[in-house]
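I have placed the structure first, in the form of structure tokens, so that the comments after it can refer back to it.
Keep in mind the model is a prediction, meaning the values are calculated, not measured.
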Amino acid sequence: MKKKGKILCWIVGIVIVIAAGFGLKNVASGGTSAKGTITLGTVGTDEQIWDHIAKSKEAKAAGIKLRVKGFSDPVALNKATAEGQVDVNAFQSWSYLQAYNKDNKNEQIAALGTTYLEPMGIYSDRYKKISDVPDGATVAIANNPANTSRGLKLLQSAGLITLKKNFGATSGTEGIASNPKHLQFKEIDDTTGPRVLKTTDLVLIGNTIALTGHLNVLTDSIYHEKIDQSTKDNINVLATAKKNENNKTYKKLVKLYHNKNIQKWIAKKFQGTKVNTEKPISYLEK
């Protein structure tokens, strides 16, 4: 009997170990754990925002537990989100999400809600306002299609050029319909924007890069993007796998992001340059 008892205990022990192993695997695999923790993936400065939100009393009051995971590759983050390894991600604009879905038919993601607009600005060390820009001025513009297009739209908004009706998300200078000031365009790497200010008349710089050069788009640029239909594609969103777009728990993150105390912290941390944008998804789809 004692021998049978030992065998039985040994078998039960193995079962417990195997069961524990499966439990650990499920927790380690990412995604929402049994305790309701949401895994949120992010890139760049947004990681600072969501680390703060995860530790905030506002998150606790909302009953939200967050595990923030940083990524360096935005495409890899979207794929991880589509596959369920990450529940929600926070880093991309509406236009980036659309471009990703176009290229990844079998790994679709969807927007849960809007977060902010990080304005692109026109900067100059030589001129104080747009009306001062002379004929033949040189404009430094990003050498990647998405930011080239965005920069040209900004120049149109400032009244310096007009674009063709079929101008698209990846159009370049060939999409300019009229250039009354005969602006000259110089392509640069995005990250070098602040460094070429002293040698170029005008420089188009995205806010993330501007901040690294100690520039505030709201006070240092001579013109910058505003929140309107012309800039809706540049508004950042929270995203999840397409199948989870109506997940009520995930949607709570949108409301949490826009909490007045959270926004107060973000405004102070980034000098107001991540402009809070609380719009319905239908606003982006127009």
Side-chain angles (χ1 to χ4, degrees), residues 38 40-71 74 77 88-97 111-123 147 150-151 154 157-158 190-191 193-194 197 203-239 250-281 283-284:
I38 299 171
L40 184 142
T42 186
V43 176
T45 55
D46 274 14
E47 187 171 354
Q48 297 174 50
I49 292 174
W50 289 98
D51 277 337
H52 172 77
I53 292 174
K55 298 170 186 174
S56 70
K57 62 181 181 180
E58 287 77 18
K60 186 176 181 180
I64 294 175
K65 294 180 180 180
L66 275 178
R67 180 169 75 97
V68 181
K69 186 175 181 181
F71 282 72
L77 175 49
V88 177
N89 71 45
F91 76 93
Q92 66 195 314
S93 66
W94 173 242
S95 61
Y96 189 96
L97 183 151
L112 291 163
T114 61
T115 51
Y116 62 80
L117 172 70
E118 202 164 16
M120 176 178 278
I122 302 174
Y123 294 82
N147 279 337
R150 183 174 179 177
L154 180 58
S157 177
D190 290 48
T191 61
L197 265 173
V203 185
L204 300 170
I205 310 174
N207 186 57
T208 300
I209 301 302
L211 287 174
T212 66
H214 306 290
L215 297 169
N216 183 313
V217 66
L218 304 180
T219 58
D220 296 325
S221 68
I222 63 172
Y223 190 86
H224 60 80
E225 292 175 332
K226 309 295 192 299
I227 298 173
D228 57 35
Q229 276 294 304
S230 71
T231 60
K232 69 182 179 65
D233 286 346
N234 304 324
I235 292 172
N236 274 39
V237 296
L238 285 175
Y250 296 172
K251 282 184 174 292
K252 285 182 180 180
L253 291 176
V254 180
K255 184 177 181 180
L256 179 60
Y257 178 85
H258 294 293
N259 176 279
K260 65 179 182 179
N261 292 326
I262 298 296
Q263 282 303 309
K264 185 177 180 181
W265 182 89
I266 294 171
K268 183 178 180 180
K269 179 72 176 176
F270 298 100
Q271 300 116 55
T273 62
K274 290 182 184 286
V275 182
N276 188 34
T277 308
E278 194 169 6
K279 299 284 188 181
I281 298 302
Y283 174 84
L284 304 177

After noting the C-alpha distance and the side-chain angles of Asp233 and Arg150, does the key distance pass the salt bridge (charged side-chain N to carboxylate O under 4.0 Å, His left out) rule?
CA-CA 9 Å; Asp233 286 346; Arg150 183 174 179 177; over 6 Å; no

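- Between the CD1 atom in Ile266 and the NE2 atom in His258 there is a gap of 9.0 Å [rounded to 0.5 Å].
- By the 6.0 Å contact criterion, NZ on Lys69 is open, its count of non-hydrogen atoms from other residues, nucleotides or ligands being 12 or less.
- The main-chain N or O of Thr42 is never found under 3.5 Å from a side-chain atom of Glu47 such that the two would form a donor-acceptor pair.
- With hydrogens and angles ignored, the 3.5 Å screen pairs a side-chain donor or acceptor of Trp94 with a backbone N or O of Leu284.
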Run the numbers on Ile53 and Leu66 for side-chain contact (heavy atoms from CB on, under 4.5 Å), then give the verdict.
CA-CA 8 Å; Ile53 292 174; Leu66 275 178; 4.1 Å; yes

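- No donor-acceptor pair closer than 3.5 Å links the side chain of Thr231 to the backbone N or O of Asn234.
- In terms of heavy-atom proximity, Ile205 sits nearest to Ala210 at CG2-N, 3.7 Å.
- Closest non-hydrogen pair, Val217 versus His224, comes out as O-CD2, 3.4 Å.
- Surrounding NZ of Lys226 are more than 12 heavy atoms belonging to other residues, nucleotides or ligands, all under 6.0 Å away.
- Of the possible polar contacts, none joining the Tyr250 side chain to the Ile38 backbone as a donor-acceptor pair under 3.5 Å is found.
- Looking at Ile235, Asn236, Ile227 one by one, the single match for side-chain contact (heavy atoms from CB on, under 4.5 Å) with Thr114 turns out to be Ile235.
- For the atom pair CH2 of Trp50 and CG of Leu238, the computed distance is 4.5 Å after rounding to the nearest 0.5 Å.
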Walk me through whether Met120 and Asn147 qualify under side-chain contact (heavy atoms from CB on, under 4.5 Å).
CA-CA 9 Å; Met120 176 178 278; Asn147 279 337; 4.0 Å; yes

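- Distance alone, capped at 3.5 Å, is enough to place a donor-acceptor pair between the Thr277 side chain and the Val275 backbone.
- Looking only at distances, a side-chain donor or acceptor of Gln263 sits under 3.5 Å from a matching main-chain atom of Tyr257.
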Show your working on side-chain contact (heavy atoms from CB on, under 4.5 Å) between His52 and Ile262 and close with a plain yes or no.
CA-CA 8 Å; His52 172 77; Ile262 298 296; 4.2 Å; yes

